[in-house]
Amino acid sequence: MAADDTTLPAHYDPHAAFARYAPEWEASAVFRADPDAPGAPYCIVIPPPNVTGSLHMGHALNNAIQDVLARWKRMDGFNVLWLPGTDHAGIATQWVVERTLRAQGIERRDLGRDAFLEHVWRWKAESGGTIVRQLKRLGVSCDWSRERFTMDEGLSRAVRENFVRLHEEGLIYRDTRLVNWDPVGLTALSDLEVETEENVQGELWSFAYPLSDGSGEIVVATTRPETMLGDTAVAVHPDDPRYMHLIGKTVRHPLLDRAIPIVGDAILVDPAFGTGAVKVTPAHDFNDHEVGKRHNLPMLVIFTADAKVNAEGGPYAGLDRFVARRKIKEDIAALGLDRGAKPHLMTLPKSQRSGAVVEPMVSTQWFMRMKPLATPAVGAVEHGFTTFHPTQWENTYYAWLRDVKDWCISRQLWWGHRIPAWHCAACGGVTVSREDATACGRCGSAEVSQDEDVLDTWFSSALWPFSTLGWPERTPDLARYYPTAVLVTGFDIIFFWVARMMFMGLHHMGHVPFKDVYIHGLVRDENGDKMSKTKGNVVDPLQAIEAHGADAFRMTLIGLAGLGRDLLWSDKRVETWVRFQNKAWQAYRFLHMHVKEAPATPAALGPMDRWILARAGTCVERVRAALDAYRFNDAAAEIYAFTWYELCDWYLEFSKSSLYGEDGPAKDAARWTLWTVFHALARMLSPFMPFFAEELWRNLPGTTGTCVTQAWPKASDFPRDDAALAEVALLQEAIVTVRRIRSEKEIAPRVPLAATCDEALRVALAPHAAALRDLAGVTLGGGAKPASAATAVVGGHELHVVLEGVLDVAKERERLDRELERVRKSVSFLEGRLGNEGFVARAPAALLEKSRAELAADRETLAKLETARAALA
RNA sequence: GGGCGGGUAGCUCAGUCGGAAGAGCAGCGCCCUUACAAGGCGCGGGUCACAGGUUCGAGCCCUGUUCCGCCCACCA
């Protein structure tokens, strides 16, 4: 039979397979979930990518993992819903559109709210589908009929319902307090949206506040000189002998000519730090704010929304805060009050989105009360209703929730869910309502207008696991698929998203939103560096898919996904799986040369057939165990090892003597076995490499339908067969031994070898003469040890390979010396162990037995090696 | 300041129950062999970060040290 006797192409074409199967799957709705269908529910809600976004490696990994789980569970008989969607991404999207407009010379505020939002919606309609199209290139098996968007009608209703209910319950309130203010984005931010830039080189600058009575001065230090315009106290420690007598007196503000009280505050002031005296700016510093409240100090706001000095700053009014900083330092120096500066490493709070230095500002905002919500969310994980994988992330989750502060949920933006509160012009009352209010709930006046602000984008994301299933309606989907099975995400949004879904799910649904949380690592470049546009080391998943195909690309990510580890991406890694794919494809072509139609179940199987089937069963079992434990890299490694090292390296070679031989039971058995293994392999691979697996499935004789709806293989389909495993293990040992001897003695592969051994081994290997000949080029005979031979132990018996060619004596001596050293080491190790009373008394019996047997064998081998070595000396 | 993770072959990483250290890639040698040279066969390569401790026995358990990465908090 010739090599090209197959209709299959010489190489697998991933792009052709994608083009063939992706549209078919989508059209035939095989991934559409049906709540009325049988099967235990298994639901995953996608972490919705930002509509502004385009696919990056993090998305690719995240979705490859979800797809493996969804496809696997679907094939395994579960009623699977993988629900896709996108997030409106409030600030991010508004910024992108603003920037686009600005490039055309259009400012958001000139347009007005409605016109601007029209632009955003138009933009969303045009480019919002990009990331969805890109996800499809990965081959994700989402139910696109249920695709949701955080600002679609249903989800917006859920947002309102949530807001109104929590407001009714007193968990959402409006308050005026110090918040993180983004002076560029012109909006309040939550604590989480403030990022700290570490180790910024700044300076700690000291200046003197003269005492009002002229009796001296108090020196204070600051990293933010401009805030002195808002100072309304100087604080000292009440027990500090240097200052305690000054408490109650005042200092004079040297620039604004105000009196400023000196207060004693044990909480704020550490007498050992700096001068032991602290300037207090209650309106622009979180610690100082607390001091202000404790001592009833005025909250003097000195900045405008864009962080310029306001009228309170007297001569500095109108200056940017950093310009004011320089000017104030100069002026203080001119007054002779500068007391020096020293370099100071500090952290700088910056807006996650705009990058602007965040300014604490007193502002009226909406807040969500966290304590009553966070406590059950902690308990749910403590009691195991939700489990993190790897579990160490639970600590991170706890730590944040246990002392989380109230969540500022209002944003001074236009793009997002507008707050369902109406302010009354007549009485000043606030009406919170599910329906658009037309009259004040307090005084009945019709002069009501809706709150201008929108909600933090994470407010709607927090509802995602149930809002997407129809909440607040009681839909069949919600009943069937909530709680979801697993949330797959990155550690960076445990606080932003995971924790918030937990407490919202518990609050509204009375049950956790997901049973498992799988936290995957970050995809880095091959040097372990974070991918970033500025570094230019970003790998575009679409280009990688274009270059290598979706199957190999996905499998590379899966193979790198170890629990609790970041992933280092390298094109070399993809090549591993491209080669794997080719290897499996070539083996599949081999099958096609020999199997033209679905083979009938044979009367009997040979030992190699039984062996590979048993090995396939083990592989299935291990892959299942790995997936159950979210050990994706292990699953990939098992598939790789089975396919390459067992199926290709051994079984295909074993099968050749039958397949190329006479027609008969052996050939029938081999054909059936080969077909059966691929029948399972295609299904096993389908969750990982769906297009490749589909190509295998469709071209396998006797199959119908698509692979993605077949049953994932079960270990019980492949009975254990210890006899076959032992028999083939012995044969493999014999083959490898002869190959090694051949390589060591530098005997060309085409030179046939003969070998002798004792009767027991000869009988055991007799049925496998063909395999020994084809795979090791050796013929086994009985009889005594030949004069010139290389001897090795196989299955506890000696095997003597007759050396026909000229033996390189020097090399042989070297080899024997190496071998002697190895065996002597082994003997000495085993003697030491068995001479150890503790070991003999406490080691497991099996280990003790094994050690004794090994020692006896080693001693025998040693004697023989010594004899052989002496003969060569 | 508090917390988490990591340090195992040249590189990237496994190592589950404490019992002689594993894989892929890279390297070296041999081979175009009729599924596959995108391949086959064989080989070499280790102070398991360091120091103590527990144990008959430690990569694994305990204590300490050190280096790298990350998170949180604070920073007058």
Side-chain angles (χ1 to χ4, degrees), chain A residues 1-6 8 10-11 196 202 204-206 219-224 234-235 268-270 273-281 285-288 344-347 390 392-393 395-396 399-400 403 491-492 494-495 521-522 526-528 559-560 562 564-568 570 572-573 575-576 578-594 625 629 631 633-634 637 640-641 648-649 652-653 656 660 735-736 739-744 746-750 774-776 825-826 829-830 832-833 836-844 846-848 850-851 854:
Chain A
M1 205 170 274
D4 55 1
D5 186 10
T6 162
L8 290 178
H11 298 285
T196 46
L204 189 59
W205 177 72
S206 300
V219 177
V220 294
T222 181
T223 53
R224 304 190 52 204
V234 170
L268 177 77
V269 183
D270 172 6
F273 189 96
T275 61
V278 184
K279 62 187 275 307
V280 180
T281 321
D285 181 282
F286 285 95
N287 287 315
D288 293 4
H344 183 72
L345 275 187
M346 48 188 251
T347 52
Q392 65 249 22
W393 289 112
N395 294 326
T396 307
W400 186 71
D403 56 15
F491 57 86
D492 51 329
I494 290 177
F495 305 148
L522 192 69
E526 56 191 314
N527 302 315
L560 288 170
R565 282 245 183 206
D566 284 345
L567 296 76
L568 272 56
S570 154
K572 273 186 201 155
R573 301 295 187 136
E575 276 162 32
T576 302
V578 170
R579 284 207 301 271
F580 169 85
Q581 184 176 265
N582 182 58
K583 186 73 177 175
W585 184 253
Q586 298 308 329
Y588 189 59
R589 291 176 69 227
F590 176 79
L591 174 148
H592 273 261
M593 291 170 201
H594 300 283
R631 301 179 66 112
N633 55 335
D634 284 358
Y640 186 97
C648 292
D649 286 354
L652 254 56
E653 298 304 329
K656 282 176 184 173
Y660 286 119
I735 290 167
V736 168
R739 281 173 179 167
R740 189 172 56 241
I741 289 170
R742 186 188 283 278
S743 178
E744 275 167 0
E746 296 184 4
I747 302 165
R750 53 181 75 241
D774 296 343
L775 276 67
K825 228 189 259 178
S826 176
F829 169 79
L830 291 165
R833 175 187 260 183
N836 179 327
E837 285 169 28
F839 177 77
V840 175
R842 295 177 204 209
L847 182 65
L848 193 59
K850 192 178 146 215
S851 300
E854 279 175 5

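Each chain gets a letter, A, B and so on, in the order its sequence line appears, and its residues count up from 1. Heavy atoms only: backbone and side chains are in, while hydrogens, waters and symmetry mates are out.
Taking only side-chain nitrogens and oxygens, R631(A) never comes nearer than 4.0 Å to OP1 or OP2 of U16(B). Within the 4.0 Å cut-off from OP1 or OP2 of C56(B), at least one side-chain nitrogen or oxygen of R842(A) is found. OP1 or OP2 of G40(B) sits under 4.0 Å from a side-chain N or O of K583(A). A close approach under 4.0 Å does not occur between any side-chain nitrogen or oxygen of R742(A) and OP1 or OP2 of G42(B). The side chain of R579(A) places no N or O atom within less than 4.0 Å of a non-bridging phosphate oxygen (OP1 or OP2) of C36(B). For the OP1/OP2 pair of G29(B) and a distance below 4.0 Å, the side-chain nitrogens and oxygens of R739(A) include no atom meeting the criterion. An OP1 or OP2 oxygen of G19(B) is reached within less than 4.0 angstrom by no side-chain nitrogen or oxygen of S851(A).
Rounding to whole angstrom units, CD of residue E653(A) and C1' of G40(B) are separated by 8 Å. Distance, L568(A) CG to G7(B) P: 14 Å, rounded to whole Å.
Of the nucleotides present, C72(B) is the one that pairs with G1(B) by Watson-Crick or G-U wobble criteria, both distances under 3.5 Å. Across every strand in view, G22(B) sits in a pair with C13(B) that passes the Watson-Crick or G-U test at under 3.5 angstrom.
Between Y588(A) and W585(A), the ring-plane angle classifies as tilted under the 30° and 60° cut-offs.
Among G19(B), A76(B), G42(B), the nucleotide with an atom closest to any side-chain atom of T222(A) is A76(B).
Qualifying salt bridge (Lys or Arg N to Asp or Glu O under 4.0 Å) partners for D566(A), counting only residues two or more places apart in sequence or in other chains: R524(A).
Contact annotation for H344(A): backbone-only contact, meaning every heavy-atom pair under 4.0 Å involves sugar-phosphate atoms and none involves a base.
Proximity of a side-chain donor or acceptor of R565(A) to a complementary backbone N or O of L560(A) within less than 3.5 Å is not detected.
L652(A) has its side chain out of reach of Q586(A): every pair of non-hydrogen atoms, C-beta onward, lies at least 4.5 Å apart.
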